[in-house]
Amino acid sequence: MSQEEKKTNDEEKTIPRPEGYTIVKYAFGWVLFISMLFGLVISAVLIVAFNDYFGETAGWLVWIMLLVIYALFFVIGCKITEVKVNLKITDEGLEQTRLSGSRIYPKYRLIKWEDMKHYHLYGKGRGRIDFLVSVKDDMNFRISIPLLPLFEKQKDNCENFIAFRDDFWGTAPDHDVHRAFFG
């Protein structure tokens with residue numbers, strides 16, 4: 001491979017985006033659903049297979065095994081859906097550019113201010129760091145970052161997320177997009 005080909009391939013791999021906020025996020029809802037589904041199926045198979053072995057004396061061991069299986073699938077799902085994105089708040093709207101990670105997220109997404117209904121500053125769930133923008137005729141925009149980062153790619157992820165959230169909170173009312181507290 002010549003030096004020119006190598007240089008072009010390297011330039012395609014990295015996208016320089018110094019402006020905006022770089023955040024590592026994952027698809028929390030999908031991870032929870034898939035881990036529960038696979039965990040339930042595998043747990044049922046293991047309970048049937050080892051029912052005679054455990055009997056009634058070690059029933060608590062079966063429950064511990066189930067929790068370990070669910071946790072394992074949850075951690076694997078978080079790693080599979082993890083993506084590093086650059087978020088930029090512009091006069092046109094909210095831009096998201098995928099820098100690396102899972103391909104279930106689009107390479108580039110622009111949500112215009114007029115397409116936004118409202119936003120939930122702390123998401124709709126409890127116990128995790130979350131942000132949600134409701135979009136009129138498209139899929140909602142959600143940022144979920146892990147509450148307990150096991151394989152942290154970026155040390156300042158929470159600080160970047162909080163800075164983005166505060167900046168969005170300050171900019172959104174200027175474009176007639178308001179915070180929703182319920183629903």
Side-chain angles (χ1 to χ4, degrees), residues 10-37 70 73-183:
D10 290 342
E11 288 172 358
E12 290 174 1
K13 289 180 186 175
T14 59
I15 302 170
R17 300 287 290 194
E19 68 279 352
Y21 304 92
T22 303
I23 296 173
V24 177
K25 66 178 191 170
Y26 69 103
F28 179 79
W30 284 107
V31 169
L32 189 64
F33 175 72
I34 299 288
S35 65
M36 290 296 178
L37 182 68
Y70 289 139
F73 276 113
F74 186 77
V75 169
I76 291 170
C78 286
K79 278 312 286 177
I80 289 173
T81 63
E82 189 175 75
V83 66
K84 186 182 228 181
V85 297
N86 182 273
L87 301 171
K88 186 177 171 185
I89 302 170
T90 63
D91 291 334
E92 195 174 348
L94 177 62
E95 294 181 17
Q96 172 186 292
T97 306
R98 178 174 38 105
L99 301 176
S100 65
S102 177
R103 298 200 186 264
I104 63 172
Y105 294 96
K107 184 76 175 160
Y108 177 80
R109 183 176 181 193
L110 171 66
I111 304 169
K112 296 185 178 183
W113 290 111
E114 57 266 10
D115 294 337
M116 295 182 199
K117 290 191 266 184
H118 53 269
Y119 65 95
H120 297 268
L121 198 58
Y122 299 105
K124 284 189 172 182
R126 295 176 188 251
R128 64 182 186 273
I129 303 172
D130 203 12
F131 176 80
L132 176 71
V133 175
S134 296
V135 182
K136 290 179 184 169
D137 294 324
D138 198 5
M139 189 171 62
N140 290 341
F141 177 77
R142 178 182 299 268
I143 299 173
S144 295
I145 62 174
L147 186 61
L148 241 173
L150 299 175
F151 309 101
E152 193 167 326
K153 284 185 177 178
Q154 183 173 317
K155 296 295 179 198
D156 57 348
N157 199 33
C158 284
E159 290 85 10
N160 284 348
F161 173 73
I162 291 168
F164 163 75
R165 192 173 60 191
D166 292 345
D167 192 17
F168 189 88
W169 184 32
T171 307
D174 297 340
H175 298 281
D176 202 30
V177 177
H178 300 285
R179 182 177 176 186
F181 291 98
F182 303 107

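In what follows, every heavy atom counts, from backbone to side chain, and hydrogens, waters and symmetry copies are set aside. Each residue takes its place number in the sequence, starting with 1.
I80 pairs by the side chain to side chain contact (heavy atoms under 4.5 Å, CB included) definition with I76, not counting sequence neighbours. With sequence neighbours excluded, the residues forming a side chain to side chain contact (heavy atoms under 4.5 Å, CB included) with K117 are S134, K136, listed by chain and number. Not counting sequence neighbours, Y105 has no partner by the ring pair (Phe, Tyr, Trp, His ring centres under 6.0 Å) test. With sequence neighbours left out, the ring pair (Phe, Tyr, Trp, His ring centres under 6.0 Å) criterion links H178 to no other residue. Judged as a salt bridge (Lys or Arg N to Asp or Glu O under 4.0 Å), and not counting sequence neighbours, the contacts of D138 are R109. The side chain to side chain contact (heavy atoms under 4.5 Å, CB included) check on E92 picks up T90, L110, K112, with sequence neighbours excluded. By the side chain to side chain contact (heavy atoms under 4.5 Å, CB included) test, S35 pairs with F73, F74, sequence neighbours left out. Under the rule for a ring pair (Phe, Tyr, Trp, His ring centres under 6.0 Å), the partners of Y21 that lie at least two apart in sequence or sit in another chain are F164.
Taken to the nearest 0.5 Å, the OG1 atom of T81 stands 15.0 Å off from the CZ atom of R103. Considering NZ of K79 and OG of S102, their distance stands at 11.0 Å, rounded to 0.5 Å. Rounding to the nearest 0.5 Å places CZ of R98 at 10.0 Å from CD1 of I104. Distance CG/L32 to CG/L37: 11.0 Å, rounded to 0.5 Å. The CH2 atom of W169 sits 12.5 Å away from the CD1 atom of I162 when rounded to the nearest 0.5 Å. Rounding to the nearest 0.5 angstrom, the gap separating the CD1 atom in I111 from the CD atom in E95 is 10.5 Å.
Nearest approach of M139 to V135, heavy atoms of both residues: O-CG2, 3.7 Å. Contact between I89 and W113 at its shortest, heavy atoms only, is CG2-CZ2, 3.7 Å. Across all non-hydrogen atoms, the minimal contact from I23 to N157 is CA-OD1, 3.4 Å.
Sparse packing is recorded around CG of D91, with 12 or fewer heavy atoms of other residues, nucleotides or ligands lying under 6.0 Å away.
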Kindly indicate, with the supporting measurements, whether the criterion side chain to side chain contact (heavy atoms under 4.5 Å, CB included) is fulfilled by Y119 and F141.
CA-CA 9 Å; Y119 65 95; F141 177 77; over 6 Å; no
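A heavy-atom distance below 4.5 Å is not found between the side chains of R165 and I143. At least one side-chain heavy atom of V133 sits less than 4.5 Å from a side-chain heavy atom of F168.
Shown are R142, K84, Q96; of these, the side-chain contact (heavy atoms from CB on, under 4.5 Å) with K25 is made only by Q96.
Here the side chain of D115 pairs no donor or acceptor atom with the backbone of D137 at under 3.5 angstrom.
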